[in-house]
There are 2 protein chains.
Amino acid sequence: MAVTEPPERPTQRDIARRAGVSTATVSYVLSGRRGGAKPPPEETRQRVMRAVAEVGYQVDHAGRSLRRRRSDLVALMYPAPSSPWSDRLAEQMQEAAAERGLGVVALPMSDSAAGEALLRVLRERYVDGAVLLPDCPVDPDEIAVLARQGLSLVVFDDDLDPDGFDVVRQDRGRACREAVEHLVAAGHRRIAYLGHPGEDRWRSARSVKLRSYRQVLQQHGIGAAPDLVLPVADSRPDAYAAVRELLRRAEPPTAVVSATDRAAIDAVWAARDHGTAVPGGLAVTGIGNIPEGLVIKPSLTTVGAREFDFSAQVARLFERLDAAAPLPGEVMAARWELIVRESA
Amino acid sequence: MAVTEPPERPTQRDIARRAGVSTATVSYVLSGRRGGAKPPPEETRQRVMRAVAEVGYQVDHAGRSLRRRRSDLVALMYPAPSSPWSDRLAEQMQEAAAERGLGVVALPMSDSAAGEALLRVLRERYVDGAVLLPDCPVDPDEIAVLARQGLSLVVFDDDLDPDGFDVVRQDRGRACREAVEHLVAAGHRRIAYLGHPGEDRWRSARSVKLRSYRQVLQQHGIGAAPDLVLPVADSRPDAYAAVRELLRRAEPPTAVVSATDRAAIDAVWAARDHGTAVPGGLAVTGIGNIPEGLVIKPSLTTVGAREFDFSAQVARLFERLDAAAPLPGEVMAARWELIVRESA
DNA sequence: CTGAAAGCGCTTACAG
DNA sequence: CTGAAAGCGCTTACAG
């Protein structure tokens, strides 16, 4: 009968014993660090490295980070589901982090309790810093608290003021309103909205898209018909089906504004497949400016940042991480714009 | 001149002092745990909780996890960019994890050194367990080592045998070959392949899609024309442009198999926009079976799992985490199938 | 019922 | 040049 060995992870003590040195020397060899002093001589280094290889030693993160008071890890928090923008930001963060020997974890935030659980990663200092993309369900008050406790934070938010963390302003409300204005100016009165599920129950900073839609319609005396607001923007199949259904109504809308480009693109396909011309029969506007919007026919009118690039924001996060003393908060711009193409 | 206060995180010592108790009591109150003994009386509990609230205490993950030898965190490693499947799995993992008070971090693996840096999260025991989706550039040998050291692992892989970790078999090679066979059986001889960038340099387990394509063509004596293999499957704009270019050639292909459904869908659009009938003028097969493939016209023929559900695999991960003694490895099935719809 | 103490695995200022 | 020792913030078996 085979005895199940308890899983064993070798520690620096094991390495030290094996190499006939102290744990201090092991640590010095492994880290390369050594205050100002000279590193251990080559012969010692070899002995340690051999022992490391023999037992397959890997440093233990808990021990190291407790001692060093840093985890060498940063997080990217973004609203689920992921998007080309969150993917791109993750990629850029990973590249910048890798240069410094840091790692990046992604935290896709859902609305559920499971999303809330992810905040633990920030609260319990699992990471040294984070970028927070807009529409994450995080209490704004908590952000300042986290920053005050030394977490490096770059936060995409149009309402929050910097306070020991940096804020990236996108001015999403203005841009979204411009998109709806664009439709109204073209004569549209029956304008549907494809929104996020639950969006009307979100706190105001998160529901900026829906609010912009309602606000502009109201300003123009257009009653927002509740049956034109559909929570399908996070699912392509749902969006497609919803728009097909809209077009079959007795009084179909003449325009659609969608909280996501993904759903907007499916709205375009639904219209095309229904034999409705875009924008002639149905004008379509997205929000987000994903690359895919450029290649559909007609190309997608949308709202978003023009540059598919976060290097300035990523650089700022690492600047903050590297800073000896806490940096005051700074405002950065990454303005959203109305990008008029062919679909509206 | 304002003095910049060093960021201060209160510790349990601070709480203990403030509440006039020992750190042991603070820990007992906070964790609710208490061996077999009775929990502290309500009055003590109140005092501690008040102090916690006053200073905004949050447990420190490094200290806790060093002592408890577990992080209460699991990871999902998946090949970047994200997909509806990786999003779905992340969501299901989060729900199951939240029920147990655990958190989930996502690790999008790229091919670069930055991707390699993510392995640190597993190697250094940043997490207690992980699900590894296929096509992650992880050395198979290392997986067994990690498992032996106590990391709970559920690995999607068609080649690896379970060995202290569980393996989910999808039989992707067979399914991909069936898709190409399907095209050949329909009489296609000029079949293009939209692949991942760098796919021909990947180790064999990762390049199963490209190999399946080449293998079936060869079996049927069809020479694979190198100019029909295009590395555009990870970018929708690239895929669209590539297929448009293919269709403009003197001798355009009559079929396309794409390593991703995303690119396959753009291939369908490109054909439609070019005035080429699908599947009449161009048959299109995807790989992956994303929900979007159901709503395009014509609906997408593809290869993938039928059920958009990972609950069995997720349950297994947590079973493994909960197990008192190391569990032997198990093989689970989540077979990919050829799903013939309208596009081929 | 509560607290003093040990110790998880590391790093690093310090002594020799 | 190297090692003994302290200590990061927790948890928990144990003594009182």
Side-chain angles (χ1 to χ4, degrees), chain A residues 6-48 52 55 57-73 101 120 123-126 128 149-150, chain B residues 6-48 52 55 57-72 120 123-126 128 149-150:
Chain A
E8 286 286 338
R9 261 177 81 80
T11 70
Q12 290 193 0
R13 276 187 69 203
D14 299 320
I15 303 300
R17 207 149 26 205
R18 232 186 154 83
V21 295
S22 71
T23 61
T25 299
V26 173
S27 179
Y28 289 136
V29 167
L30 288 175
S31 71
R33 254 180 274 109
R34 187 63 175 85
K38 277 211 222 149
E42 187 56 21
E43 204 271 327
T44 310
R45 217 188 65 79
Q46 295 270 343
R47 272 218 314 286
V48 171
V52 165
V55 303
Y57 171 80
Q58 296 281 355
V59 77
D60 181 273
H61 168 261
R64 175 202 295 247
S65 73
L66 175 58
R67 177 59 222 244
R68 303 197 65 204
R69 301 279 65 213
R70 53 184 303 164
S71 69
D72 287 339
L73 220 60
R120 250 192 47 204
R123 288 196 193 114
E124 302 184 0
R125 290 306 292 265
Y126 219 85
D128 297 329
Q149 293 181 350
Chain B
E8 285 287 336
R9 263 177 78 83
T11 70
Q12 290 193 359
R13 276 188 69 203
D14 299 320
I15 302 300
R17 208 151 24 208
R18 228 185 156 86
V21 296
S22 72
T23 60
T25 300
V26 174
S27 179
Y28 288 134
V29 167
L30 288 175
S31 70
R33 253 180 275 108
R34 187 65 176 90
K38 277 211 223 152
E42 186 57 19
E43 204 271 326
T44 310
R45 215 188 67 80
Q46 294 270 344
R47 272 216 316 287
V48 171
V52 164
V55 302
Y57 171 79
Q58 296 280 356
V59 76
D60 180 273
H61 168 260
R64 177 203 293 247
S65 71
L66 175 58
R67 177 60 222 241
R68 303 198 65 204
R69 303 278 65 213
R70 54 185 301 164
S71 69
D72 286 339
R120 251 193 44 204
R123 290 197 192 114
E124 303 184 359
R125 291 305 292 266
Y126 221 89
D128 298 329
Q149 294 182 349

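So you know, we letter chains A, B, ... as the sequences are listed, proteins then strands, and number each from 1.
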* Give the intermediate values and the outcome of side chain to side chain contact (heavy atoms under 4.5 Å, CB included) for residues B/S71 and B/H61. => CA-CA 8 Å; B/S71 69; B/H61 168 260; 3.7 Å; yes
* Asked: Contact class for A/T44 (heavy atom, under 4.0 Å): base, sugar-phosphate, or nothing?
  ->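 Answer is sugar-phosphate: A/T44 comes under 4.0 Å of backbone atoms only.
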* Which part of the nucleic acid, if any, lies within reach of B/S27 when heavy atoms closer than 4.0 Å are counted: base, sugar-phosphate only, or nothing? ->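 B/S27: base contact, heavy atoms under 4.0 Å.
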Tell me: [atom1] of [X] to [atom2] of [N], nearest whole Å?
| X | N | atom1 | atom2 | result |
| --- | --- | --- | --- | --- |
| B/I15 | C/dG3 | CD1 | P | 15 Å |
| A/R17 | D/dT2 | CZ | P | 20 Å |
| A/H61 | D/dG9 | NE2 | P | 15 Å |
| B/R45 | C/dT2 | CZ | P | 13 Å |
| B/R47 | C/dC1 | CZ | P | 14 Å |
| A/L30 | C/dG9 | CG | P | 15 Å |
| A/R70 | C/dG9 | CZ | P | 23 Å |

* Examine C/dG3: is either OP1 or OP2 under 4.0 Å from a nitrogen or oxygen in the side chain of B/T25? Give yes or no. =>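 Result: yes.
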* Any side-chain N or O of A/R64 less than 4.0 Å from the OP1 or OP2 oxygen of C/dT11? ->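 Yes, A/R64 has a side-chain N/O under 4.0 Å of OP1/OP2 on C/dT11.
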* Asked: Are more than 12 heavy atoms from other residues, nucleotides or ligands located less than 6.0 Å from atom CZ of A/R13?
  ->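 Open: at most 12 neighbouring heavy atoms sit under 6.0 Å from CZ of A/R13.
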* **Other residues, nucleotides, ligands: >12 heavy atoms within 6.0 Å of B/R68 CZ** =>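 Correct, the count exceeds 12.
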Side chain to side chain donor-acceptor pair (under 3.5 Å) partners for [X], two or more places apart:
| X | result |
| --- | --- |
| A/R47 | A/E43 |
| A/R45 | A/E42 |
| A/T25 | A/S22 |

* Asked: D/dC10, C/dT2, D/dT2: which one has an atom nearest the side-chain heavy atoms of B/Y57?
  ->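 Of D/dC10, C/dT2, D/dT2, D/dC10 is nearest to the side chain of B/Y57.
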* Of the nucleotides D/dC10, D/dC1, C/dG9, which has the atom closest to the A/D60 side chain? ->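 Nearest to the side-chain atoms of A/D60, counting from C-beta on, is C/dG9.
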* Structure fact -> Pairs under 3.5 Å (Watson-Crick or G-U), crossing ones as [ ], inter-strand ones as |: DNA chain D comes out as |||.||||||||.|||
* To do: Output every pair passing salt bridge (Lys or Arg N to Asp or Glu O under 4.0 Å) with a member in residues 17-31 of chain A, not counting sequence neighbours, ordered by first then second residue.
  =>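 For residues 17-31 of chain A, and leaving out neighbouring residues, the salt bridge (Lys or Arg N to Asp or Glu O under 4.0 Å) pairs sorted by first residue read A/D14-A/R17, A/R18-A/E54.
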Nucleotide N/O to protein N/O under 3.5 Å, stretch nucleotides 4-8 of chain D:
unit_1	atom_1	unit_2	atom_2	d
D/dC8	O2	A/R67	N	3.2

* Could you tell me whether a side-chain N or O of B/R9 sits under 3.5 Å from a main-chain N or O of B/V59, the two making a donor and an acceptor? =>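 Yes: the side chain of B/R9 pairs with the backbone of B/V59.
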* Among B/V48, B/V26, B/D60, B/V52, find the residue that satisfies the side chain to side chain contact (heavy atoms under 4.5 Å, CB included) test when tested with B/Q12. =>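 That would be B/V26; it is the only one of B/V48, B/V26, B/D60, B/V52 passing the side chain to side chain contact (heavy atoms under 4.5 Å, CB included) with B/Q12.
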